[in-house]
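Chain identifiers are assigned alphabetically (A, B, ...) following the order of the sequence lines, protein sequences preceding nucleic acid strands; residue numbering begins at 1 within each chain.
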2 protein chains.
Amino acid sequence: MTGPLIDVGAHAPDPQRLGAYFALMEAVSLLQHHIEQQLRAEGGLSSVQFQVLTRLAAAEGRLTMTALADGVVYSRSGLTYQAGLLEKAGLITRGPSPDDERATLVTITEKGVALVNGVLPGHIQVVQRLLFEPLSDGDLRRLGDVMTRVRDHMRAQPPRSAAPRKRRAGGSGSAS
Amino acid sequence: MTGPLIDVGAHAPDPQRLGAYFALMEAVSLLQHHIEQQLRAEGGLSSVQFQVLTRLAAAEGRLTMTALADGVVYSRSGLTYQAGLLEKAGLITRGPSPDDERATLVTITEKGVALVNGVLPGHIQVVQRLLFEPLSDGDLRRLGDVMTRVRDHMRAQPPRSAAPRKRRAGGSGSAS
DNA sequence: CGGTTGCGTTTCGAATTCGAAGCACCTTAC
DNA sequence: GTAAGGTGCTTCGAATTCGAAACGCAACCG
C-alpha cells in the first residue's frame, strides 16, 4: 500500500502495442535532442530552421507560408518568426505571389543552400550513428514502409490549419 | 536553372534509409501535435506534464528531479519549472531525500493519479486512431522491437546531464 | 456592383524553454 | 580534518513558442 499506481490495465488495448508506442516516442525524443545539438553546434541552426530550409530546397522553388508551416508541423505565427530570422540571416527570401495577392512565397537563397549542404554531412552522421547503426537493412526498409503508411494516414486528417477562426456566430441561420 | 537544389546525393548513405528517417520524424511530429491537443483539451496538461506524471505513476514511488528529467528527455531547469506548476496544482509533491540531502524526491499524489487515469482513455484513443489503426499486429510487433533496440542504443549514450559544468581546466595532467 | 464570408499572413501578449551561473551538499585526496 | 572537485537543484535572463485577434485580399451571393 505504498500507494497509487496507474490503472493502465483497464484502458490498455494491449501491453505490447503500448510498449511500441512508448519506445517510439522515447527514441525519437532522444534523437531529436542529439540532432538539435549537432545542428546548433555546426550551423547555428535550430531543428525547425533546418527543416524549413531543407523543405524549401527539396521543393526547389517557392512555397507559401502556410504550406511550409503545415509541412514542418509548426504554428503559422511561429513560422513567421523563424522566417524573419532566416531572412535577416540571408538564407531565404520572401516575396508576394503572382497568383494570390495575400500569399507570401518563400525562396531559399544560394547562401541557404550552401549552409544546408555544409551541415548535412554532420547531420547524416548523427542519424547514421544513432538510428541506422543498430538496425539491419531489412529493419530499416520495414520501418520506412510502416512509418510512411502512418504518416500518410495522419496527413489525411485535417492539417494544422483546421482551427475554426471565428466562433459560430449566433446560432443557426446566418443565411442571410 | 531556376535554381539551387540540395546536394543530398553526395552525402546520402541511401535514399531508402533517408526516406525511413524522414517518414519517422514527420509521423511522430504529427502524432505529438494531436496528442498535445487531446491532453490540453481533456486534462489541461501539456505533453511534458503528462509524461512526468505517467513516469511517476509507473515508478510507483519517488524519483529525483534528474532521473525524471533524463527519463523525459528534458532540461533540468525546464523540469523545475514544470514541477512547480504541477506542485501548485496539487498533482505532485516534492520533498527531501533521506539518502542525499541535496536531492529532491518527487511523488505523485492521489489527485495526480486520478487525473492521469481520467485523461488516459482519450490519450490511448488518439494513439489508437492515428498510430495503430493503419498497422497490422505484426507491423506493431516489429516496430516495437526495432524502436526498443534503437532506444536502448541511444540510452547507452551519455544522458542529458552530460554537459561539462566547468571547462576542462588544464587538459592533460590529471593523472595525479 | 455592394455585402458577406473565408483564407493567408502577421502582430500581440502570455507561457514555456533552454543554458549558464549560483548555491548547497556529497566525495575524494591528502 | 579539511580543502578541492563533483553532483543535484533552482534562479536568472534571453529566446522561442503558441493561440487569439487584427488586417488585407479573394471568392461567392444577391
- Between B/D139 and B/S136, is any side-chain donor less than 3.5 angstrom from a side-chain acceptor?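 Per modelled atom types, B/D139 and B/S136 side chains form a pair under 3.5 Å.
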
- Query: Looking just at side-chain N and O atoms, do B/D145 and B/T148 make a donor-acceptor pair shorter than 3.5 Å?
  - Reply: no

- Message: Below 4.0 angstrom, which residues in residues 30-40 of chain A have at least one non-hydrogen atom near DNA chain D?
- Response: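 By residue number: none to list.
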
- Task: Mind running a 4.0 Å heavy-atom check of residues 92-101 of chain A against DNA chain D and sending the residues that fall below it, in number order?
- Result: A/D100, A/E101

- Message: Check this for me: B/R151, atom CZ, are more than 12 non-hydrogen atoms of other residues, nucleotides or ligands nearer than 6.0 Å?
- Response: yes

- D/dT16 OP1/OP2 closer than 4.0 Å to side-chain N/O of A/S46: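 No, A/S46 has no side-chain N/O under 4.0 Å of OP1/OP2 on D/dT16.
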
- Task: List the steps, then state whether side-chain contact (heavy atoms from CB on, under 4.5 Å) holds for A/R149 with A/V146.
- Result: CA-CA 5 Å; A/R149 233 180 314 145; A/V146 161; 3.7 Å; yes

- Candidates D/dC9, C/dT9, C/dT17 - which lies nearest the side chain of A/A103: C/dT9

- Message: The side chain of B/T104 is closest to which nucleotide in this list: D/dG19, C/dG19, D/dC9?
- Response: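 Nucleotide nearest to B/T104's side chain: D/dC9.
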
- Item | Interface with DNA chain C, restricted to residues 76-91 of chain B and to heavy atoms under 4.0 Å |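 Here the set is B/S77, B/Y81, B/Q82, B/L85.
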
- Query: Transitively linked via ILVMFWY side-chain contacts under 4.5 Å: A/M65 with A/V52?
  - Reply: yes

- Please work out which of the three classes, parallel, tilted or perpendicular, describes the rings of B/F50 and B/H123, given edges at 30° and 60°. tilted

Show me the protein contacts with nucleotides 21-24 of chain C, counting only N or O atoms at under 3.5 Å.
unit_1: C/dG22; atom_1: O6; unit_2: B/R165; atom_2: NH1; d: 3.2

- Query: End-to-end bend of the helix from C/dC1-D/dG30 to C/dC30-D/dG1 (five-pair axes, 10° rounding)?
  - Reply: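 Here the helix ends are tilted 20° relative to one another.
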
- Sequence-distant partners of A/R141, side-chain contact (heavy atoms from CB on, under 4.5 Å), two or more places apart: B/Q16

- Task: Report the C-alpha distance between A/R76 and A/D70 in whole Å, list the side-chain angles of each, state the deciding distance to 0.1 Å, and finish with yes or no for salt bridge (charged side-chain N to carboxylate O under 4.0 Å, His left out).
- Result: CA-CA 8 Å; A/R76 296 238 227 23; A/D70 281 344; 6.0 Å; no

- Can you find a heavy atom in the side chain of B/T93 that is under 4.5 Å from one in the side chain of B/V106?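 B/T93 does not reach B/V106 side chain to side chain.
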
